[in-house]
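Heads up: the structure comes next, in structure tokens.
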Amino acid sequence: MRAIKHIHGDKAPHWVGDGFYVKTLVNHLEDDPNFNYSHTDPFLLLDYGKPTTFAPNPNYEAQPHGVGQHPHKGFETVTIAYSGEISHRDSTGGNGIIFEGDVQWMTAGRGILHEEFHSQGFGQRGGVFSMVQMWLNLPSAHKLTEPKYQSIRRTDIPIVELLDDSEAAQTTIGKVAIIAGEWQDITGAADTFTPINLWDIELHAAGSTTLQVSNSHNVLLLVQEGELLVNDTPIAAGQLIQFVAPIKSTINSQAINSQAIDSQTEQSASFITDATDTIQLTYPATSDTEKTVAPVRLLILSGEPIGEPIASYGPFVMNTQAELKQTFRDYQTGNFGK
């Protein structure tokens, strides 16, 4: 079982533009020795937008809520809509609206300008708005890739039922949407540049289920809504679990003498080379007799560390300071993205 290292969630929320009220739970610019980019690689940033009610916007056409045009380079942005609608437009001609359950996956690559607003329809009627956005790093070989946009509809995302481990009847207690990566033999909807898993999970009935995660990945778990037990630890909405570092990140520095290996070392080596770890999700009933509970939403982020240095400032993430300075020069002289 992949052990929990720390539970984060004490950050104060803030506004991004006037449309996104978020709590930044992962930030590659922070230098906390216990929680920095080396612990979240390849995930650079994670903003959790808790459910927030917006009144109808009387200026929804001329002044929609959101963020106006701004640049990005060297990474990807991934936005999941949980409630409400998000309108997107970028300098490559990519545009569209994502609805509840949809995903907007934008590869900034060598440089892109984009804007994000509440859709006109949502702005006109108002309602509950909730989303998650993450920044996903690109390796040096793909930093200057062609910008592109993936609009992923909920109907295009593979959905798998989650079964209760504790019952012989294998009752369905939830489902997982495989946005990216692999779930057993099923491939997620998004194209990625490095091995990552992005699983949107909903539990709707009491019970326990076990997830298999790669032991070569950094793993994070965000509770988007509700409360549950993760590895028997209580977790609530807005909290982010940081799991211990991947086992395989340390085995290269540990020489094992195959000529003189005792049984205990042999068992340890077998454990180290297992392909996966487990994470247990438990949604307890609220009483001894109640089996139906309010749904819980959570997001699993796991990724193989890229392991490269980063040089970043604001909306640009490169590998060296020289590349970062050149990016700023290009942006200031009209050569950005060329």
Side-chain angles (χ1 to χ4, degrees), residues 5-50 66-80 105-116 131-140 142-144 147 193-194 196 198 217-222 238-243 245 249 299 301-332 336-337:
K5 181 177 182 180
H6 193 77
I7 299 171
H8 304 269
D10 56 353
K11 299 294 184 67
H14 62 278
W15 285 97
V16 177
D18 64 354
F20 307 102
Y21 190 56
V22 303
K23 183 187 295 187
T24 299
L25 297 173
V26 171
N27 188 346
H28 63 289
L29 297 176
E30 295 184 353
D31 57 1
D32 182 342
N34 296 311
F35 192 55
N36 54 53
Y37 177 63
S38 68
H39 304 104
T40 65
D41 180 8
F43 302 99
L44 295 159
L45 179 140
L46 177 64
D47 279 344
Y48 159 70
K50 70 175 185 177
V67 182
Q69 190 178 80
H70 56 283
H72 288 301
K73 182 177 181 178
F75 61 96
E76 301 181 286
T77 67
V78 181
T79 306
I80 304 171
W105 196 297
M106 186 187 74
T107 303
R110 69 187 186 195
I112 199 169
L113 301 172
H114 83 135
E115 59 186 41
E116 297 166 291
M131 48 75 69
V132 167
Q133 184 176 96
M134 70 201 70
W135 291 9
L136 180 62
N137 199 16
L138 288 171
S140 57
H142 298 292
K143 283 285 186 191
L144 303 183
F193 287 89
T194 60
I196 72 162
L198 191 58
H217 285 199
N218 281 324
V219 182
L220 303 167
L221 184 155
L222 169 69
Q239 293 185 313
L240 177 78
I241 296 177
Q242 171 193 1
F243 291 91
S249 67
L299 187 67
L301 306 85
S302 85
E304 188 172 293
I306 296 171
E308 297 176 350
I310 60 172
S312 60
Y313 187 88
F316 307 136
V317 181
M318 307 306 293
N319 291 110
T320 67
Q321 287 296 322
E323 292 171 343
L324 187 61
K325 291 176 181 178
Q326 184 61 52
T327 296
F328 273 97
R329 284 194 292 269
D330 290 343
Y331 184 64
Q332 291 164 353
F336 183 72

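Treat the numbers as computed from the prediction; the structure is a model and nothing was measured.
- In the model, Trp135 has no side-chain atom that pairs as donor or acceptor with a side-chain atom of Glu76 under 3.5 Å.
- Looking at heavy atoms from C-beta onward, Ile196 lies out of side-chain contact with Leu301 at the 4.5 angstrom threshold.
- Note that CD of Glu116 and CZ of Phe20 are 5.5 Å apart. Values are rounded to the nearest 0.5 Å.
- Counting only heavy atoms from C-beta outward, the side chains of Ile241 and Leu220 never approach each other to under 4.5 Å.
- The shortest distance between side-chain heavy atoms of Pro13 and Val22 does not fall below 4.5 Å.
- Between the OG1 atom in Thr327 and the CD atom in Gln321 there is a gap of 10.5 Å [rounded to 0.5 Å].
- In this structure, the side chains of Thr194 and Ile306 come closer than 4.5 Å at one or more pairs of heavy atoms.
- Within a 6.0 Å radius of CG in Asp32, more than 12 heavy atoms belonging to other residues, nucleotides or ligands are found.
- The nearest pair of heavy atoms linking Phe75 to Pro315 is CE2-O, 3.2 Å.
- Checked against the 6.0 Å centroid criterion, the rings of Phe328 and Tyr313 qualify as a close aromatic pair.
- If you take NE2 on His39 and CG on Asn34, they are separated by 6.5 Å, rounding to the nearest 0.5 Å.
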Quick one, Met106 with Val78, criterion side chain to side chain contact (heavy atoms under 4.5 Å, CB included). Give me CA distance, side-chain angles, the key distance, then yes/no. CA-CA 6 Å; Met106 186 187 74; Val78 181; over 6 Å; no

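- Comment: Glu323 does not engage Lys73 in a salt bridge, judged by the lack of any side-chain N to carboxylate O separation of less than 4.0 angstrom.
- By the neighbour-count criterion of 12 heavy atoms within 6.0 Å, atom NZ of Lys11 is densely surrounded, having more than that number from other residues, nucleotides or ligands.
- Ile310 has its side chain within reach of His28: a pair of non-hydrogen atoms, C-beta onward, lies under 4.5 Å apart.
- Between Phe336 and Tyr331, the angle of the ring planes goes over 60°, which puts this pair in the perpendicular group of the 30/60° scheme.
- Judged purely by distance below 3.5 Å, without hydrogens or angles, the side chains of Asn218 and Thr40 never pair a donor atom with an acceptor atom.
- Taking CG from Leu45 and OG1 from Thr24, the interatomic distance works out to 5.5 Å, rounded to the nearest 0.5 Å.
- Proximity of Asn137 to Phe43: side-chain heavy atoms (C-beta onward) are nowhere separated by under 4.5 Å.
- In this structure, Phe316 CZ and Lys325 NZ are separated by 15.5 Å, a value rounded to the nearest 0.5 Å.
- A donor-acceptor contact closer than 3.5 angstrom links the side chains of Arg329 and Gln326.
- If you check the side chains of Gln242 and His8, you find a donor sitting under 3.5 Å from an acceptor.
- In plain terms, the two heavy atoms of Gly111 and Pro147 that are nearest each other are O-CG, 3.3 Å.
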Using the side chain to side chain contact (heavy atoms under 4.5 Å, CB included) rule, take Leu240 and Phe35 through it: C-alpha gap first, then chi angles, then the decisive distance, then the call. CA-CA 12 Å; Leu240 177 78; Phe35 192 55; 4.1 Å; yes

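- A donor-acceptor pair is defined here as one N or O able to donate and one able to accept, closer than 3.5 Å; no such pair exists between the side chain of Lys143 and the backbone of Asn319.
- For the pair Leu29 and Ser312, the tightest heavy-atom approach, listed with the atom from each and the gap, is CD2-OG, 3.2 Å.
- The shortest side-chain heavy-atom distance between Asp31 and Asn36 does not fall under the 4.5 Å cut-off.
- To the nearest 0.5 Å, atom CG of residue Asp41 and atom CG of residue Leu136 are 9.5 Å apart.
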Show the numbers, then the answer: is there a side chain to side chain donor-acceptor pair (under 3.5 Å) between Gln133 and Thr79? CA-CA 4 Å; Gln133 184 176 96; Thr79 306; 2.8 Å; yes

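- Using a 4.5 Å heavy-atom cutoff, the side chains of Val132 and Leu222 are in contact.
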Go through the steps to decide whether Val67 and Asp18 satisfy the test side chain to side chain contact (heavy atoms under 4.5 Å, CB included), and finish with yes or no. CA-CA 7 Å; Val67 182; Asp18 64 354; over 6 Å; no

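- Across all non-hydrogen atoms, the minimal contact from Ser302 to Val219 is CB-CG2, 3.8 Å.
- His142 contributes no side-chain N or O that, together with a main-chain N or O of Pro139, makes up a donor-acceptor pair within less than 3.5 Å.
- A pairwise comparison of heavy atoms in Leu198 and Ile80 identifies CD2-CD1, 4.5 Å as the closest pair.
- Using the six-membered ring where Trp is involved, His72 and His70 have ring planes that are perpendicular, over 60° apart on the 30 and 60° scheme.
- Side-chain atoms of Ser140 and Glu308 form a donor-acceptor pair, as typed in the model, at a separation below 3.5 Å.
- Within 6.0 Å of atom NZ in Lys5, more than 12 heavy atoms from other residues, nucleotides or ligands are found, so the atom counts as buried in its surroundings.
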